[in-house]
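The figures that follow rest on heavy atoms only: side chains count, while hydrogens, waters and symmetry mates do not. The model shown is predicted, which means the values in this text are computed figures rather than measured ones.
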Amino acid sequence: MSASTLTDGNPRGGSAVDPAYFTAAPANPAGLPTAYEHGGRLTPEGTTVDPILVEIVQGTLASVEMEVETAIGRTSRSPMIRDAHDFRAGIHDRQLRKLTGRSYSALVHPVARDYPLAEMKEGDVFFHNDVYESEGGIGHLPDLCVTVPVFHEGEVVAFVQAFGHHDDIGGGCPGSMPSGATSVYEEGLAVPPIKLWDQGVPNKSALRIMTRNSRMPDSLAADLDAECSACLMGARRLGELFARYGRDQIEAAFDAILDATTETYRREILSKIPDGTYVWEDYAEHDGVDDPKLHTQRITLTKVSDAPADPEHGRPAGPRLILDFTGTAPQAKGPINHCGDYVGGNFLKKWLAPILRNLADTPERMAELDVNEGIVPLIEMRFPEKGTLLTPIHPGPTNARTFVILRLLGVLAGVVAKAVDGKMPADQETIRYTGVYGHDRDGNDYLMREVLGGGSGGRYYADGEDTIHVVPDSRNLPTEFTEGRFPFIVERLGLAVDSGGAGRYRGGLGYEKHIRMVKDAHFMSIADRSILACWGVKGGKAGAPFQVTIDPGGPEEREVDALADAEPIRAGQVVRIRTTGGGGWGDPLERPYDEVERDLRWGKVSFEGARTAYGVVASGTKDEPVIDVAASDALRGQLRGDRGEDAPFFDRGPGYAALAGGSAASEYDYV
């Protein structure tokens with residue numbers, strides 16, 4: 001069957017498309033109408049297309065996505081967007097399916113829900129950031145999203161979208177992430193989908209409302225202009241692709257790209273997980289309102305190799321993963337909730353799926369695997385009733401929802417690890433927001449926000465990576481930039497020694513950063529893993545937790561809570577930030593002596609850490625450490641003898657016992 005074949009009852013696609021995509025208006029979990037649901041092929045099942053054209057289309061999509069991101073990075077103004085690169089672009093087809101796979105992105109669903117495609121015009125730009133009306137694609141209000149439809153011969157054929165974390169959109173504190181918020185109304189301005197540009201003409205009234213509600217109006221206006229312009233440019237590029245090859249051929253290529261992803265994950269990834277049911281849970285440690293406690297996030301994973309077809313939900317027959325979140329804790333009073341249960345968990349599927357790539361045959365193959373809409377038919381999600389951390393009820397606060405969605409990455413890694421004898425990475429925590437604000441040298445208000453990364457978990461074949469970030473291409477702010485713009489001095493930026501969890505394969509190290517204030521200011525932090533550490537697996541130990549100390553070694557030395565909005569810092573004082581180390585993988589007493597010696601030379605492990613964590617006795621200097629093999633053999637023998645017989649599969653570190661009534665492990669930590 002050729003790519004030009006069409007079927008009756010579908011304006012441009014094949015018979016596999018449910019008519020509900022064009023006519024029905026079911027309600028989503030928020031009670032809002034969903035006039036245009038996710039899914040559906042663009043061409044009939046079995047349509048063929050030139051594989052060379054598929055490669056051209058796939059390469060063009062990646063190129064356009066990168067060009068959009070490059071344009072945003074070069075023309076935006078805020079440090080969070082321009083310098084930290086905390087944004088991303090995505091390309092979606094007219095069935096709202098994500099075509100590109102380098103990074104996650106928001107969803108087009110809320111725009112298509114509120115604005116029929118047939119009424120869209122060239123030059124339109126849509127905007128939204130309302131968490132509860134975003135169909136799960138936006139997690140907190142600082143994430144502002146712009147969407148531009150792509151046209152061919154007067155009809156919408158695709159979408160270009162960008163969303164990123166902006167400096168400030170109002171709310172109870174600078175940065176729009178008040179740690180003690182108890183409702184979304186305290187977190188800033190919430191905008192449901194609106195038409196921000198109408199056929200190329202900006203809506204100045206809407207822009208004025210948004211900038212008026214921001215403490216950083218100039219950078220907000222510049223960033224929005226950059227994102228709108230970049231997405232309009234991307235839409236033109238895609239329009240040229242359709243004009244060159246024709247709509248039928250391009251849409252057939254879109255289907256082929258997603259079909260290939262589905263088949264690849266079915267064959268290379270899902271086949272590695274034995275059939276069965278596995279349960280694991282992990283926790284956020286605090287919500288900013290209640291005292292620290294275990295906020296449970298649980299996944300019951302069921303792998304089925306011969307699941308029947310489910311045409312109603314677009315699921316083919318064959319292997320399927322069922323993720324059941326029953327057992328997740330009730331909705332928190334504070335802002336750690338995440339709206340995950342919309343559109344069948346569509347956003348959450350694509351957010352979690354990169355974890356599955358760790359099952360690829362080699363690291364090189366893992367790096368080749370995209371996560372696009374092709375993974376969605378392979379995953380079924382089952383959510384608890386409304387009113388949990390993953391199914392919050394409006395107006396529950398959400399600004400620190402990273403505590404949930406980052407933890408879920410680890411919960412999925414952990415539950416899969418139980419199924420595959422530990423052949424998954426140990427835990428990592430690679431997003432936390434720190435910053436300072438006050439008056440600069442000229443007396444003007446300033447806000448410096450940074451998303452410092454941390455160490456990734458050790459793997460069954462290699463150590464974890466140091467100071468990584470889960471957001472692709474994101475980075476810490478350059479010292480030269482921050483010292484020139486803000487009234488402080490960066491006195492140290494390096495690795496936090498001994499922060500990586502011990503293991504046969506060590507966890508990656510976190511950052512250690514020292515900032516000395518030139519003027520009085522306030523420090524702010526939205527961070528987790530300050531009590532509960534990143535867990536180790538299969539004998540590996542937990543990494544070091546997050547820690548902030550003001551005036552270390554000085555007369556006013558004090559530790560700052562990981563959730564803080566306005567901790568005072570006096571001029572001349574230092575703020576020391578240590579981010580989390582990744583968990584270790586495997587028995588640290590099996591780590592070869594030469595690798596411990598290398599860690600000593602590189603300054604990643606101290607001499608004391610080598611002795612206590614790895615059973616290695618060393619002398620000499622950092623540049624020339626000397627391992628005492630006989631003494632180390634004896635110490636390792638003693639340490640092995642002191643172990644208990646029934647050690648858990650996961651090591652959570654000492655902080656877990658403090659919140660779990662003295663228990664060292666959960667009932668789910670054993671295999």
Side-chain angles (χ1 to χ4, degrees), residues 78-81 84 86-87 106 129-132 134 138-145 163-191 210 213-217 219-220 223 284-290 295 331-339 389 392 394-407 429-438 445-453 469-471 474 476-477 521-530 546 548 560-567 575 577 579:
S78 71
M80 190 67 78
I81 300 294
D86 192 4
F87 68 93
N129 76 323
D130 187 319
V131 173
Y132 286 92
S134 74
I138 296 295
H140 60 181
L141 296 180
D143 283 347
L144 310 184
C145 181
F163 88 112
H165 185 122
H166 292 250
D167 277 343
D168 188 275
I169 193 66
C173 72
S176 307
M177 296 180 67
S179 62
T182 57
S183 83
V184 72
Y185 298 116
E186 301 168 61
E187 299 178 315
L189 180 68
V191 183
M210 285 189 281
N213 277 273
S214 174
R215 296 172 179 84
M216 317 295 290
S219 62
L220 176 61
D223 289 350
E285 63 193 25
H286 55 170
D287 71 347
V289 176
D290 285 331
H295 295 267
Q331 178 173 331
K333 294 178 184 177
I336 66 172
N337 307 292
H338 175 68
C339 299
L389 290 175
H394 186 272
T398 67
N399 75 74
R401 93 295 187 209
T402 49
F403 292 15
V404 169
I405 62 173
L406 285 180
R407 194 68 64 255
E429 176 79 3
T430 60
I431 291 181
R432 77 275 305 145
Y433 303 88
T434 60
V436 293
Y437 64 92
D445 291 337
Y446 76 89
L447 168 65
M448 189 285 292
R449 292 297 295 270
E450 188 168 27
V451 188
L452 284 174
H469 198 301
V470 73
V471 178
S474 290
N476 61 294
L477 293 178
H522 289 90
F523 175 80
M524 61 192 339
S525 171
I526 295 289
D528 203 23
R529 292 302 201 205
S530 64
F546 176 79
V548 174
V560 177
D561 192 85
L563 279 171
D565 292 341
E567 185 70 24
V575 182
I577 304 167
T579 67

Test side-chain contact (heavy atoms from CB on, under 4.5 Å) on His286 and Ile336; report intermediate values, then the result. CA-CA 8 Å; His286 55 170; Ile336 66 172; over 6 Å; no
So, the side chain of Arg529 versus the backbone of Ala284: is there a donor-acceptor pair under 3.5 Å, distance only? no
Phe163 and Ala106 have their tightest heavy-atom pair at CE2-N, 3.4 Å
Does Phe546 reach the side chain of Thr434, with side-chain heavy atoms less than 4.5 Å apart? yes
Decide yes or no for Val191 and Asp130: does some side-chain heavy atom of the first lie under 4.5 Å from some side-chain heavy atom of the second? no
If I take atom CD1 from residue Ile405 and atom NE2 from residue His338, how far apart are they, to the nearest 0.5 angstrom? 5.5 Å
With distance as the sole test, does Glu285 use its side chain to make a donor-acceptor pair with the main-chain N or O of Ser530 at under 3.5 Å? yes
Examine distances only and state if a side-chain atom of Asn129 and a backbone atom of Ser134 form a donor-acceptor pair shorter than 3.5 Å. no
Side chains of Arg401 and Leu389, heavy atoms from C-beta outward: is any pair under 4.5 Å? no
According to side-chain contact (heavy atoms from CB on, under 4.5 Å), who are the partners of Asn476, at least two apart in sequence or on a separate chain? Glu450, Leu452, Leu493, Tyr511
With sequence neighbours left out, write down each residue that passes ring-ring contact (aromatic ring centres under 6.0 Å, His included) with His165, or none if nothing qualifies. His140, Tyr433
Taking the side chain from Tyr132 and the backbone from Pro392, do they hold a donor-acceptor pair closer than 3.5 Å? no
Between Leu477 and Pro79 the two heavy atoms that sit nearest each other are CD2-O, 3.7 Å
Between NE2 of His166 and OG of Ser78, what distance do you get to the nearest 0.5 Å? 6.5 Å
Tell me the closest heavy-atom pair linking Val131 and Cys339, and the distance in Å. CG1-SG, 3.6 Å
Are the side chains of Phe523 and Val548 in contact, using a 4.5 Å heavy-atom criterion? yes
Candidate pair Leu141 and Asp143, rule side-chain contact (heavy atoms from CB on, under 4.5 Å), full reasoning: CA-CA 5 Å; Leu141 296 180; Asp143 283 347; over 6 Å; no
Charged N-O contact under 4.0 Å between Asp86 and Arg449: no
Evaluate side-chain contact (heavy atoms from CB on, under 4.5 Å) for Ser179 paired with Asp565, printing each intermediate quantity in order. CA-CA 6 Å; Ser179 62; Asp565 292 341; 3.1 Å; yes
Where the side chain of Thr430 meets the backbone of Val470, is there a donor-acceptor pair that is under 3.5 Å apart? yes
CG on Leu220 to CG on Asn213, rounded to 0.5 Å: 10.0 Å
Using a strict 4.0 Å threshold on nitrogen-to-oxygen distance, state whether Asp528 and Arg407 make a salt bridge. yes
Using modelled atom types and a 3.5 Å cut-off, is there a donor and acceptor pairing between side-chain atoms of Glu567 and backbone atoms of Ala564? no
For the residue pair Asn337 / Thr398, report whether a side-chain donor-acceptor contact shorter than 3.5 Å exists. no
Atom pair CD/CE of Glu186 and Met177 - distance to nearest 0.5 Å: 14.0 Å
Heavy-atom nearest pair, Ala527 first then Arg432, reads CB-CB, 3.5 Å
Taking the side chain as every heavy atom from C-beta outward, state whether Ile138 and Cys145 have any pair of such atoms under 4.5 Å apart. yes
Separation of Ser214 OG from Asp168 CG (nearest 0.5 Å): 4.5 Å
Does Ser176 offer a backbone N or O that forms a donor-acceptor pair with the side chain of Glu187 under 3.5 Å? no
Could you go step by step and tell me if Tyr446 and Val436 meet the side-chain contact (heavy atoms from CB on, under 4.5 Å) rule? CA-CA 8 Å; Tyr446 76 89; Val436 293; 4.1 Å; yes
State, with a plain yes or no, whether a side-chain heavy atom of Ile577 is found less than 4.5 Å away from one of Thr579. yes
Pro178 backbone acceptor or donor facing Asn399 side chain under 3.5 Å: yes
Test your reading of the model: is there a side-chain donor-acceptor pair from Ser525 to the backbone of Leu563, 3.5 Å cut-off? no
Please confirm whether the backbone N or O of Gly175 pairs with a side-chain atom of Arg215, one donor and one acceptor, at under 3.5 Å? no
Rounded distance (nearest 0.5 Å) linking atom CG of Asp167 with atom CE of Met448: 11.0 Å
Once the angle between the rings of His394 and Tyr185 is folded into 0 to 90°, is it parallel (under 30°), tilted (30 to 60°) or perpendicular (over 60°)? perpendicular
